[in-house]
Amino acid sequence: QVQLVESGGGLVQAGGSLRLSCAASGRTFSTYHMGWFRQAPGKEREFVAAITWSGGSTSYVDSVKGRFTISRDNAKNTVYLQMNSLKLEDTAVYYCAAGRYGSMRYQYDYWGQGTQVTVSS
């Protein structure tokens, strides 16, 4: 069982940066692949980024490549999402998830409650 708590969301101007954190409970965090998803109002939850248990492999949705970076610190049971050059269309609730490595929601077994990111012009 893994419990996930996101933090770091907020209001930022377009072009700015935010770093999201996802703190996990449980001693098995390092065995899980981790992902970030987001859901904008009126839209389905979409994949943003994923990282393997070791941090050796990462993947991103095309719209954030070159702007977002996913990383993890297994000693701190935490996964991060560094978001740079934020755009209005990045506005969403961001969720972290733990499970298998991939871009599909069904691949993840545990989810956090989300943190709001709002990008203003």
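Because the structure is a prediction, the values reported are computed rather than measured.
Within 6.0 Å of CD in Glu46 there are more than 12 heavy atoms belonging to other residues, nucleotides or ligands. Residue Gln3 qualifies as open at atom CD: its count of foreign heavy atoms under 6.0 Å is 12 or below. The 12-atom threshold is exceeded at CD of Glu89, counting heavy atoms of other residues, nucleotides or ligands nearer than 6.0 Å.
At least one test fails for Arg105 against the ring of Phe37: distance under 6.0 Å to the centre or angle within 45° of the axis. A cation-pi contact links Arg72 to Phe29, judged by a cut-off of 6.0 Å to the six-membered ring centre and 45° from its axis.
For an aromatic pair to be called close, the ring centres must be under 6.0 Å apart, and Phe68 with Trp36 fails this.
Looking only at side-chain heavy atoms (C-beta outward), Arg67 and Tyr60 stay at 4.5 Å or farther from each other. Two residues are said to be in side-chain contact when any heavy atoms from C-beta on lie closer than 4.5 Å; Met83 and Leu20 meet this criterion. Between Gln13 and Leu86, the closest side-chain pair of non-hydrogen atoms is not below 4.5 Å. Two residues are said to be in side-chain contact when any heavy atoms from C-beta on lie closer than 4.5 Å; Val61 and Ser103 fail this criterion. Side chains of Leu81 and Arg38 form no contact here, defined as non-hydrogen atoms less than 4.5 Å apart. Put simply, the side chain of Trp53 does not reach to within 4.5 Å of the side chain of Thr31, judged on heavy atoms.
Using modelled atom types, one side-chain atom of Tyr108 and one backbone atom of Gly102 make a donor-acceptor pair closer than 3.5 Å. Glu6 places a side-chain N or O within donor-acceptor distance of the main-chain N or O of Gln113, the cut-off being under 3.5 Å.
Members clustered with Met104: Tyr106, by chain and number, using a 4.5 Å side-chain heavy-atom cutoff among hydrophobic residues.
Checked for salt-bridge contact, Asp90 and Lys87 miss the test: no charged N lies under 4.0 Å from a carboxylate O.
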